[in-house]
Amino acid sequence: MAADFSKPYDPKEVENRTYQAWLKAGYFNPDKLKTKGKPYTIVIPPPNVTGSLHMGHALNATIQDILIRKKRMEGRRALWIPGTDHAGIATQNVVEKSLRKEGIFRHELGREKFLEKVWEWKEKYGNIILDQLKKLGASCDWSRTRFTMDPEYQKIVAETFAHYFKKGWIYRKERVISWCYRCRTSLSDLELEYQETKGNLWFIKYPLAETTGHMVVATTRPETMLGDSAVAVHPKDERYANLVGQFIILPLQNRKIPIIADRKIEKEFGTGAVKVTPAHDMLDAEIGADHNLAIYKIIGPDGKMTKEAGSLFEGLKIEECRKKVVEELKRQNLIEKVEEYSHNISTCYRCHTLIEPMPSLQWFLKMDGLAPRASAAVSGKKVVFHPDRWKKVYLSWLKNVKDWTISRQIWWGHRLPVWFCANAKNKSPDQELFTVSSRKPKQCPFCQNCEMLQSEEVLDTWFSSALWPFATLQYDARDFKKFYPTQTLSTARDIINLWVARMVFSSLEFTKKIPFKDVIIHATILTKDGQRMSKSLGTGIDPINLINLYGADATRFGLIWQAMKNQDMHWAEESLLAGKKFLNKIWNASRFVLERVEKSGLKTAANPKFPSNKLTGADTKILKKLEFAVQNTDKNIEKYNFGQALHDLYDFFWHDFCDTYLEAAKKQLEDPKLKLQTQKILLHILTTSLKLLHPFIPFVTEEVWSALPIAQKQMLIIESWPKKR
RNA sequence: GCGCGGUUAGCUCAGUGGUAGAGCAUUCGCUUGACGUGCGAAGGGUCAUAGGUUCGAAUCCUAUACCGCGCACCA
């Protein structure tokens with residue numbers, strides 16, 4: 001169907017119709033392309049099925065689509081794999097929240113019923129997300145749509161876990177970890193967010209045991225004193241040199257605890273003497289381990305004080321307990337002073353509840369074998385960040401990385417492929433009899449006759465995301481062979497470590513190859529005021545609203561128009577308006593050309609030759625500019641300078657072609673000697689421009705293309721990319 | 001505390017050693033047959049501040065300020 005130029009450009013109608021035409025033609029699937037070119041693969045960063053897509057996703061999808069479309073036009077077998085991520089804690093939380101509105105509580109439903117609800121949610125939002133991508137014009141191969149909890153994917157996850165375990169790199173241990181008592185699960189250090197908080201620094205007197213007098217310790221968390229098992233000072237702190245080795249009577253608990261020396265203590269902070277709570281502080285846990293101190297778990301997984309906190313405090317919430325402890329200490333005149341103090345507290349990145357460090361039996365993945373390889377891939381330029389500076393973020397994390405806490409105590413996610421002997425249930429947890437296997441063992445290796453129970457725990461959602469580039473291709477061995485490794489990954493800066501680094505080491509471990517060559521870190525979209533776009537703040541913009549208002553092409557244009565190499569971009573809707581106007585310009589310029597050209601001598605879309613001795617000054621100039629535009633666009637896309645490429649194309653098409661050449665052409669067309677050649681040049685500039693613009697604004701270009709009077713025409717989406725001379 | 005960005009026209013951003021640019025907004029003029037979602041023209045910036053290098057700096061260097069981000073600390 002040819003475009004109808006008697007009407008103004010109607011993006012909605014054209015976009016729907018054109019997308020259907022592409023789908024029908026099957027060009028999104030590289031297997032259906034006639035080309036035998038080298039494969040070019042991109043895997044989409046799978047959006048979380050927590051909800052619909054935001055502007056950042058739209059920008060990212062546009063970037064990937066530009067690359068895929070260009071490569072497809074270059075004759076590569078371009079494959080863009082779409083999909084979504086189950087996003088463990090995040091999705092569990094939103095479903096829980098939505099159920100609560102109906103008065104339903106997760107624990108009342110039970111695991112199985114609750115998971116049914118989550119799957120319903122996933123079905124709904126997963127599809128919304130994929131529809132949004134389609135509306136935007138994303139040329140993904142939908143026949144290869146993946147989800148991180150597909151049966152095939154689950155199998156791969158289980159196998160990787162078993163592989164690591166067999167290698168001795170996954171282990172189970174009780175250790176002080178970060179615990180979110182609202183989500184009721186452990187978290188890794190990357191899942192913490194720090195918030196600057198104003199609080200107090202309490203100076204508490206701890207009476208000496210053997211002699212009169214006391215030591216003063218400073219703390220921001222007085223309630224944790226209930227779990228203290230020592231007071232520590234720096235070994236070279238002369239103020240306390242004579243006290244080291246003596247004992248303190250811990251107030252409220254009436255416990256005799258030692259005064260120890262440890263180099264981790266800073267003399268300058270507070271009084272230089274620190275209370276040590278090995279159960280509820282990371283640093284104290286280390287000190288406790290080094291000095292073999294007792295561990296008192298005074299806070300439970302529910303965020304309430306335990307029996308060990310003492311009868312006065314048991315059952316209180318942390319904040320309540322803090323008040324009460326302070327009251328008690330005041331009553332006993334043990335508070336020397338209180339200072340105002342502002343510090344960072346860690347919170348859960350999904351619900352922003354205060355994180356409580358506590359000892360917990362968890363599964364860990366050792367990093368000392370994996371991290372150096374991931375570092376080497378980037379420092380050896382096998383994997384390259386764009387812009388380059390982001391490699392610092394990546395490398396510095398890997399340099400100091402701690403073992404990865406991979407188990408989570410939630411319901412939604414990949415169950416650990418760990419099997420417990422049901423008959424050994426009464427053993428204490430660390431003596432439990434278990435075996436690791438990607439499939440349920442037929443027979444219990446311990447008692448030979450029980451039905452083995454699978455672990456209730458699930459994996460950190462990022463454990464499965466880390467396998468994405470190869471797991472998505474391993475559903476079919478031929479795909480993996482053909483399309484892996486992928487070429488380019490485009491993503492946001494906040495998941496460089498959470499996701500990118502982990503994909504690199506996982507891929508190196510399981511495929512012996514890097515998962516991708518280039519990593520594009522695109523700008524983060526902020527509101528005009530510099531706020532983060534977020535639904536809860538009401539500052540977010542739904543790309544679908546923009547698509548309805550301006551069309552997908554204009555939305556893509558607006559996003560890319562602003563996508564320079566900054567790390568942030570302040571959202572300016574005007575750029576979409578600029579896009580809309582530009583589409584109109586293309587539409588009308590095309591109408592002009594087509595009206596004047598009608599039956600020209602052009603038979604193919606390939607580069608025609610123009611004898612230079614017959615060209616007018618205007619002809620020569622525009623052809624030269626066109627040649628530059630071809631080179632420049634190609635170069636800018638290859639260097640991932642998408643915004644620059646679009647600005648230059650805009651300038652070329654509007655000002656060089658429309659404002660200048662079209663005006664000159666009007667006169668030339670009246671001259672019989674120049675007419676035919678001018679027609680040819682007009683058509684040539686238009687066809688080449690449409691090709692160059694297609695990756696950015698695919699719909700309008702395809703629509704205009706359909707009207708070109710060229711024989712042997714294919715759809716623009718698979719036409720050849722203009723060649724550099 | 002360490003590191004990374006940013007600071008250029010009213011707004012959003014390019015420019016990156018040699019007389020300041022774009023889009024949007026503003027003002028003025030155009031019912032010329034592709035387009036008024038347009039055309040032509042105009043106004044508007046001591047390029048954050050202070051030093052330095054240079055014949056010459058918005059552009060390089062060094063500080064400082066403010067905004068943002070990350071890491072560490074967070075007793």
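What you are looking at is a predicted structure, and each value in this text was computed from that prediction instead of being measured. In the text below, chain A, chain B and the rest are named by the order of the sequence lines, each starting its count at 1. Computed over heavy atoms, backbone and side chain alike; hydrogens, waters and symmetry mates excluded.
- Straight-line distance between the C1' atoms of B/C11 and B/G45: roughly 14 Å, to the nearest whole Å.
- Relative orientation of the A/F582 and A/Y650 rings is tilted, given thresholds of 30° and 60° on the angle between their planes.
- The backbone N or O of A/V216 lies less than 3.5 Å from a partner atom in the side chain of A/T271, making a donor-acceptor pair.
- Counting non-hydrogen atoms under 4.0 angstrom, A/K275 reaches the backbone sugars and phosphates but no base.
- Atoms CG (A/N636) and P (B/A14) sit 14 Å apart, rounded to a whole Å.
- Remark: A/R502 is positioned above the aromatic ring of A/W404, its terminal NZ or CZ atom under 6.0 angstrom from the ring centre and at most 45 degrees off the axis.
- Nucleotide B/G23: paired with B/C11 (Watson-Crick or G-U wobble, both distances less than 3.5 Å).
- As judged by a 4.0 angstrom heavy-atom cut-off over every strand, A/Y650 is placed among residues touching the sugar-phosphate backbone only.
- Look at B/G38: its Watson-Crick or wobble partner, with both distances under 3.5 angstrom, is B/C30.
- Side-chain to base pairing of A/K585 with B/C35: one donor and one acceptor N or O lie within less than 3.5 Å of each other.
- Across every strand in view, B/A58 sits unpaired, with no contact that passes the Watson-Crick or G-U test at under 3.5 angstrom.
- Taking the side chain as every heavy atom from C-beta outward, A/K198 and A/E340 never approach each other to under 4.5 Å.
- Atom CG of A/L549 is separated from atom C1' of B/U37 by 14 Å (rounded to the nearest Å).
- Atoms CD (A/E663) and P (B/C39) sit 9 Å apart, rounded to a whole Å.
- No contact: A/D494 has no heavy atom under 4.0 Å from any strand.
- The same atom, C1', is picked in B/A58 and in B/C13; the two are 15 Å apart, to the nearest Å.
- Within the shown strands, B/C2 is the pairing partner of B/G70 under the Watson-Crick or G-U definition, both distances less than 3.5 Å.
- A cation-pi arrangement is absent between A/R556 and A/F699 under the rule of less than 6.0 angstrom and at most 45 degrees off the ring axis.
- The interatomic distance linking A/R532 (CZ) with B/C67 (P) rounds to 18 Å, in whole Å.
- Taking atom CD of residue A/Q644 and atom P of nucleotide B/A14, one finds them 10 Å apart after rounding to whole Å.
- For A/W561 and B/U12, the CH2 to P distance is 17 Å, given to the nearest whole Å.
- Across B/U8 and B/U49, the matching C1' atoms stand 15 Å from one another, rounded to whole Å.
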